[in-house]
Amino acid sequence: MKVKNIKGTENNNCKCVSWLEHWKKFSGNFLPATCSVERCQNRPEVGAHVQKDSPSDNSWYIVPFCKAHNQQGQSLNIRDSIKLVSANVSSTCGKNL
């Protein structure tokens, strides 16, 4: 799947310890051993804000990226096994229970 890293999101916060923790909590998965980007062997260090590279979906998602790929703004192929987690805190960690 192709995604685009969203630039300028460093001031966005959630109630989780970090966006990487947010991804782990809401994906229901363990952190992968490597970055979500295909063929990248770096370890995931951040929860990156991304959008699907599709004009029909403007939603923001979180995926585990290495710091190098989190700095890139172009389209990137991520592995099909990586679950996209909503970055919308009102429907995830900020939801009133």
Side-chain angles (χ1 to χ4, degrees):
M1 173 188 315
K2 275 193 178 254
V3 298
K4 284 196 249 183
N5 191 10
I6 304 168
K7 305 307 290 174
T9 61
E10 55 274 349
N11 292 326
N12 291 7
N13 296 310
C14 73
K15 292 185 179 183
C16 303
V17 174
S18 68
W19 286 108
L20 199 53
E21 289 298 319
H22 180 91
W23 182 87
K24 288 193 300 188
K25 180 176 181 179
F26 292 99
S27 72
N29 294 327
F30 292 106
L31 190 62
T34 59
C35 175
S36 301
V37 177
E38 287 181 348
R39 295 183 291 281
C40 181
Q41 295 301 307
N42 295 332
R43 68 180 185 86
E45 301 170 275
V46 298
H49 288 78
V50 300
Q51 286 181 300
K52 290 180 182 177
D53 195 359
S54 164
S56 63
D57 187 349
N58 292 323
S59 299
W60 288 19
Y61 300 97
I62 303 296
V63 293
F65 271 12
C66 66
K67 286 185 179 177
H69 281 115
N70 192 43
Q71 298 302 314
Q72 298 179 14
Q74 77 271 18
S75 293
L76 300 164
N77 285 315
I78 62 171
R79 294 187 310 276
D80 290 336
S81 61
I82 299 299
K83 183 173 182 178
L84 299 176
V85 169
S86 175
N88 183 347
V89 296
S90 65
S91 65
T92 56
C93 61
K95 190 175 181 177
N96 291 334
L97 301 176

Interatomic spacing from OG in Ser75 to NZ in Lys52 - rounded to 0.5 Å
14.0 Å
The reported gap from NZ in Lys2 to CD in Gln74 (rounded to nearest 0.5 angstrom) is 9.0 Å
Taking C-beta and beyond as the side chain, do Leu76 and His69 meet within less than 4.5 Å on heavy atoms?
yes
Which side-chain N or O atoms in residues 57-64 pair as donor and acceptor under 3.5 Å with protein atoms at least two apart or in another chain?
| residue | atom | partner | partner atom | Å |
| --- | --- | --- | --- | --- |
| Asp57 | OD1 | Ser59 | N | 2.9 |
| Asp57 | OD1 | Ser59 | OG | 3.1 |
| Asp57 | OD2 | Tyr61 | OH | 2.8 |

Taking only distance into account, with no hydrogens and no angle test, what donor-acceptor pairs under 3.5 Å do side-chain atoms of residues 37-49 form with protein atoms, sequence neighbours excluded?
| residue | atom | partner | partner atom | Å |
| --- | --- | --- | --- | --- |
| Glu45 | OE1 | Lys67 | N | 3.1 |
| His49 | ND1 | Thr9 | OG1 | 3.3 |

Quick check for you: to the nearest 0.5 Å, what is the distance between Cys66 atom SG and Gln71 atom CD?
9.5 Å
Go through the structure and list residues passing side chain to side chain donor-acceptor pair (under 3.5 Å) with Ser91, not counting sequence neighbours.
none
Ser36 side, atom OG; Asn77 side, atom CG - distance, nearest 0.5 Å
12.0 Å
Taking Asn5 for the side chain and Val50 for the main chain, is one N or O donor matched with an acceptor at less than 3.5 Å?
no
Check: Asn13 and Val89 side chains under 4.5 Å, non-hydrogen atoms
no
Side chains of Gln51 and Val3, heavy atoms from C-beta outward: is any pair under 4.5 Å?
no
List in chain and number order the residues that pass ring pair (Phe, Tyr, Trp, His ring centres under 6.0 Å) with His22, two or more places apart in sequence or in another chain; answer none if no residue qualifies.
Trp19, Phe26
Residues at least two apart in sequence or cross-chain that pass side chain to side chain contact (heavy atoms under 4.5 Å, CB included) with Ser81, listed by chain then number, are Arg79
Side chains of Asn88 and Ser86: do they bring a donor and an acceptor to under 3.5 Å?
no
With sequence neighbours left out, which residue pairs that include part of residues 16-37 fulfil the salt bridge (charged side-chain N to carboxylate O under 4.0 Å, His left out) condition?
Glu21-Lys24
Measure the spacing between OG1 of Thr92 and CH2 of Trp23 and express it to the nearest 0.5 Å.
14.5 Å
